[in-house]
Amino acid sequence: MEKTVSEAIKYRRSTRVYTDEAIDPEKVKECLVNASLAPTSSNLQLWEFYHVTNKEKLNELAKACFNQNAAKTAQQLVIVVTRKDLWRQRAKANIAFLNKAFDKPNLSDRMLKRKKQATDYYSKVIPTIYFDIFGILGFLKYWAFQVVGLFRPIYRQTRLSDMRIVAHKSAGLAAQNFMISMAAIGYDTCPMEGSDTIRVKKILNLPRGAEINMVIGCGIRDEAKGIYGPRFRVPFEDVYRHMS
């Protein structure tokens, strides 16, 4: 029986050793559909998910992940990739969706205003934030926004490095959706940052603008060796701040 969200979160552990038991690629794909439903900055969805089941590719990727057990024993691998370079394409897709969603007769003034605000956001605000030339415009925008920020609240993350962080944060949310969905059906995962990302990109034949967010090993945990130790978390009181 599928686990509840809370059960899946508690069940999920970073599994370093998997059994030889096969897992269903279609079920993994369904979990990736859940990943694609994760919240994402400005709904730009600047991510891609590479689902690897080919044994030869798995071996190549394991080597690129330093042959760590979580990659070497995985039955399948999922590589979460950020695609900040696709911001124009994804902005246009949002505008097309909005035009279709609001393509109704006799729209109220309120709905027409909402449509204009949303389409202006993707056609004007997003290019202002994302467009750059070798990082120069981002640097200039950053300092201009700092000055404006002296007088009113304003968005300040406009440099290339800032936008990379935004893309990776969204990709991380998607990865978590995926891993919790896998845990819900009794499949195990291990997110790995330890990899030669240039080699991973080459194996996947990724374009220059793509970046590796994480490689996720997938399979069924070896009950004796799969989990390296009991779960440790610092006391919740050390990380919880209630602002009443």
(request) Please list, chain by chain and in numerical order, all residues satisfying salt bridge (charged side-chain N to carboxylate O under 4.0 Å, His left out) with Arg114, sequence neighbours excluded. (result)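 Listed in chain order: nothing, the list is empty.
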
(request) Would you sort out whether Glu211 and Val81 count as a side-chain contact (heavy atoms from CB on, under 4.5 Å), showing the intermediate values? (result) CA-CA 6 Å; Glu211 293 187 358; Val81 175; 5.9 Å; no

Would you give me the side-chain donor-acceptor pairs under 3.5 Å for residues 190-200, sequence neighbours excluded?
{"unit_1": "Asp196", "atom_1": "OD1", "unit_2": "Ile198", "atom_2": "N", "d": "3.2"}
{"unit_1": "Asp196", "atom_1": "OD1", "unit_2": "Arg199", "atom_2": "N", "d": "3.2"}
{"unit_1": "Asp196", "atom_1": "OD2", "unit_2": "Arg199", "atom_2": "NH1", "d": "2.6"}

Mark yes when over 12 heavy atoms from residues, nucleotides or ligands other than [X] sit less than 6.0 Å from its [atom1]; otherwise mark no.
{"X": "Phe139", "atom1": "CZ", "result": "no"}
{"X": "Asp109", "atom1": "CG", "result": "no"}
{"X": "Arg231", "atom1": "CZ", "result": "yes"}

For the residue pair [X] and [Y], what are the closest heavy atoms and their distance?
{"X": "Ile126", "Y": "Tyr122", "answer": "CB-O, 3.8 Å"}
{"X": "Thr82", "Y": "Ala171", "answer": "CG2-CB, 3.7 Å"}
{"X": "Ala22", "Y": "Gln75", "answer": "CA-OE1, 3.8 Å"}

Side chain [X], main chain [Y], donor-acceptor under 3.5 Å:
{"X": "Lys141", "Y": "Phe131", "value": "yes"}
{"X": "Arg156", "Y": "Pro153", "value": "no"}
{"X": "Ser170", "Y": "Ser41", "value": "yes"}
{"X": "Glu7", "Y": "Thr4", "value": "yes"}
{"X": "Ser181", "Y": "Asn34", "value": "no"}
{"X": "Arg16", "Y": "Gly226", "value": "no"}
{"X": "Arg221", "Y": "Thr189", "value": "no"}
{"X": "Thr73", "Y": "Tyr18", "value": "yes"}
{"X": "Asn205", "Y": "Lys201", "value": "no"}
{"X": "Thr40", "Y": "Asn43", "value": "no"}

(request) Validate the cation-pi geometry between Lys3 and Tyr11: distance from NZ or CZ to the six-membered ring centre under 6.0 Å, angle to the ring axis within 45°. (result)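 Yes, Lys3 sits over the ring of Tyr11.
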
Quick check: is [Y] connected to [X] through a chain of hydrophobic side chains (ILVMFWY, heavy atoms under 4.5 Å apart)?
{"X": "Leu98", "Y": "Leu44", "value": "yes"}
{"X": "Leu77", "Y": "Ile212", "value": "yes"}
{"X": "Phe66", "Y": "Leu204", "value": "no"}

(request) Report yes if some heavy atom in the side chain of Ile23 is under 4.5 Å from a heavy atom in the side chain of Val28; otherwise report no. (result)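 They are in side-chain contact.
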
(message) Within the structure provided, determine whether Val52 and Gln76 are in side-chain contact (heavy-atom separation under 4.5 Å).
(response)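 Not touching, per the 4.5 Å side-chain cut-off.
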
(request) Look at the aromatic rings of Tyr240 and His242 and report parallel, tilted or perpendicular, splitting at 30° and 60°. (result)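 Rings of Tyr240 and His242: parallel, as their planes differ by under 30°.
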
(message) Less than 4.0 angstrom from a charged side-chain N to a carboxylate O is my criterion; do Arg159 and Asp162 meet it?
(response)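 Yes, charged N to carboxylate O under 4.0 Å.
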
(request) Could you go through the side-chain contact (heavy atoms from CB on, under 4.5 Å) check for Ile203 and Lys57 one step at a time? (result) CA-CA 7 Å; Ile203 292 167; Lys57 291 289 186 186; 4.0 Å; yes

(message) Using the rule given for side chain to side chain donor-acceptor pair (under 3.5 Å), can you reason through Tyr121 versus Ser42, listing the C-alpha separation, both sets of side-chain angles and the distance that settles it, and then say yes or no?
(response) CA-CA 9 Å; Tyr121 180 80; Ser42 297; 2.6 Å; yes

